[in-house]
Amino acid sequence: MSVATLAVLTQTGWRRWSTYRSAALAGAVTNTVFGLIKAAITMGAVGAAGGQLAGYGPIEGATYAWLAQALIGPVNVFWSNDLVERIRTGDIAVDLSRPVDPQLAYLSADLGRAAFTFLPRGAPPLLVGALVTGLALPANLLPYLLGIVSIVLAVIISFACRWLVSLAAFWIIEMRGASTLYLMASNILCGLIVPVHWFPDWMATLAAATPFPSMLQTPIDVIMGRDTGLAALWLIGVQVAWALGVLLAGQLLWRLGTRKLVVQGG
Amino acid sequence: MAELTTHTERPTATGWASPYVALVSSRLRSQFAYRRSFALDLLGSFGVGVIEFAEIYVIFSSISVLGGLDFAGLALLFALSNISFSLADLLVGHLDRIPTYLRAGTLDAFLLRPLPVLAQLVTSDIQLRRFGRTALSIAVLVVALVVNPITFTPATIALLVITPIAGTAIFCALFVAAAGVQFWLIEGSELANSFTYGSSYASSFPTAIFTLPMRVLFTFVVPAAFTAYLPTLLILDLPGPAWTPAWLGWFSPVAAIVSWVAGMLIWRAGLRHYTGAGS
Amino acid sequence: MTEQIVHARGLTRDFVVRSGGWRRTKRVVHAVVDLDLDIAAGEAVGYIGANGAGKSTTIKMLTGILSPSAGTVATCGLHPQKSRRELAREIGVVFGQRSQLWWDLPLQESYRVLASIHRLGSSHRERLDELVDALDLAEFLDTPVRQLSLGQRIRGEIAAALLHSPRLLILDEPTIGLDVLSKERLRAFLVAERAAHGTTLLLTTHDMDDVQRLTERIVVVDHGRVAYTGDLPGLVRRVGADRVIVLDLEEPTPSLSDVAGTRLIGTEPDGLRQRLALLPGASAAAVLAEVAGRAPLRDLTIEEPDVEDVVRRLYATQQAAH
């Protein structure tokens, strides 16, 4: 498969999502409303800890909340049933017959979706955040450049994880249990509700053993300049490792699943 | 489908409520028809409650007081807020699907039946599976009542009875108001959710952590603070922050009534807009 | 004079259509314009027009779903919107494309709930048995609605609309998508139902056979205005749409261009198949007798003008008149 094919698929994903303009508006409002509440909570928590909590001052706490709200659209930490439905209905056979690798094709489409949701869903919460609480962001360019790389990797990891879990539909008929479990684990451990740095030790250890912090906590840390230089590169390296690892696992599981489909006729 | 054997020989009641009883019971039967699936949904709803509570647990792993409440106090607040919201979500949460009902023509079918449209909508899709989150909240409430230093007087017991009822009524009214607005907004589902779920989220934290404008917003414009925070202050015998003193907690039934009046006005305006009778 | 079931005067409905992105443009669409409509009790009226001519909008105004921009309407003597719930007991409506049944409930259960909604008490058992029998519903009464075929579902919908014995039955495209046999059974049922109960019928359809079998009078709308009201032969006469006799002959025959009461509209090169339009007032039997005298017949069919065609011709004459 050529890079050009993937580029076309990415564009199609972008176009498909850009038609939902009013949906994007609704998403921006939602993310902003929750940002207001979350920023108040993180600032309140930092204040209660005496003005400093695991390296977060009040403004840093608020910035964390606003960035998290800005990124949940593109990173898509929520569950989507598309692939599960395709496997269940047997539409997946269509994907098998196409001359592109299904995982990379779906990934391209997801990158297109993320690229579109980034501005309309991400900018309003940041803008409101800058006005209401102020944002603690670095003054030099480097963290933002690294941040973009980190966000792209986060989108890829989020996609790869959802792809991997969705493939369970080849073997399990009722997927709601699996998706709920995944949603719980990822929402808590990615740092969406509270920064991972605030976790009690046992949860921090658990989170570090999963790809979830790489989906949200890592890009936020990189953008905010909490980790710079080699430390930031190390975080990105961890992201690359998770991205490759989970994508590879998805490839293997896909082969097993489609073999079962071919052998048993679904 | 063995559970779905029909009951046509049962005598039909003639009270005013009988159509609603028939509607709700037919819905419940169809939800129970697939037990395994229902159980999984129940578990999923319980899981959502767990995620919500995990937030409070994690925050209190590094601090001891938030907005004047300790972990035990916040657990009580969380429980009261979530019991009310999850019950409202169970009863009328499906109202956020108005755009879907409009597209499918369901609303036109409702307009062709001799019952109020809102009553038909409410009874048409009650989601018992959302009780999972209520169950978790009730468990948290029981623990919170034990670990908090509460003196059980007739007043506290009255508050513990009134608060979930008034809170559920307030959240139901918010759902109705959000549903009314969706007659104007085609992509209104997510906006409506940001209003209802946002209010619920705000109500499970002490209003004291908000800036004054937000505190006023979530107390007097959207009465989220009345569903749990103000009654919690009364139960724990704590003073409230500026502008929202604890004694306001006794007024949650009033807040519920006002919310319902406003909610119904918005709903009626929305329905009139849909039927073309309005502006 | 019998009672009026529908009485509409100057009924008008405008819609404001917004289009475009950030800079929105408004456009007013006149869906129904100054419509007068009277339907007497027991009458059967076909309401005909192209898609978008204003049929559904009219039905929505008659039933209280939509309020008119101007004009007045009384249905069963009631103001449709002010007395919406009272009116709901008097009318039954079936939208062919949309369901009023509960998709995940067995048909039987839907009827139980509907009977309760209409507060029919236990008396509905008899009526339901009658409908189940006449519409042949017995074999799938316990099947969830979503598993029914289209034909089964439409029959189920019609029984649902008739359960509370309404005085006015409104059917919006009831036969669309049905096969020939299902259509025929449905028509037979409706004829029998009206004969037994005197139910008034308002029917929109694209199917000429529906119009012929089920209605006594038709109203044609065009761009929201009434373009014709009267009976079907009158309309056919007015637009000059003729029935066509298609003749298949045993041997090549010269063009039959001079048969009395007909006009030749087509012949295949070898003259084996010829198409004659039957002029108004002419007898098909006389034509056949004359043709048979000239050439041996192998087969013949008579083509009725279809609604689309008649309506299109009517619209064209309207255009010319403007």
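Order of the sequence lines fixes the chain letters, A, B, ..., with proteins taken first and strands second; residue numbering starts at 1 for each chain. What you see is a predicted model; the values in this text were computed from it and never measured.
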**Asked** Does a side-chain N-to-carboxylate-O contact under 4.0 Å join C/Asp104 and C/Arg146?
**Response**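 Looking at C/Arg146 together with C/Asp104, the answer is no, because their closest N to O distance does not fall below 4.0 Å.
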
**Message:** I'd like to know if C/Arg167 and C/Glu3 make a salt bridge, using a cut-off of under 4.0 Å between side-chain N and carboxylate O.
**Reply:** yes

**Prompt:** Between C/Phe15 and C/Arg13, is there a cation-pi geometry (under 6.0 Å to ring centre, at most 45° from the normal)?
**Reply:** yes

**Message:** Ring of B/Tyr101, cation from B/Arg97 - is the NZ or CZ under 6.0 Å from the centre and inside 45° of the axis?
**Reply:** yes

**Prompt:** Which region of C/Leu120, side chain (C-beta onward) or backbone (N, CA, C, O), has a non-hydrogen atom less than 4.5 Å from a non-hydrogen atom of chain B, or is it both or neither?
**Reply:** neither

**Request:** Can you tell which part of C/Phe95 gets under 4.5 Å to a heavy atom of chain B, answering side chain, backbone, both or neither?
**Result:**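 For C/Phe95, the side chain is the part near chain B, not the backbone.
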
**Message:** Need one label for B/Val117: side chain, backbone, both or neither, based on atoms under 4.5 Å from any heavy atom in chain C.
**Reply:**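 Backbone plus side chain of B/Val117, per the 4.5 Å heavy-atom cut-off to chain C.
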
**Under 4.5 Å from any heavy atom of chain C - which part of B/Phe110** =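 Interface part for B/Phe110: backbone (N, CA, C, O).
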
**Request:** Please find out if less than 6.0 Å separates the ring center of B/Phe85 from that of B/Phe175.
**Result:** yes

**Prompt:** If you count heavy-atom pairs under 4.5 Å with chain C, which of B/Ala104, B/Ala109, B/Pro19 comes out on top?
**Reply:** B/Pro19

**Request:** Look at C/His118, C/Met61, C/Glu86, C/Lys60 and state which one has the largest set of heavy-atom pairs under 4.5 Å with chain B.
**Result:**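 Most pairs with chain B among the choices: C/His118.
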
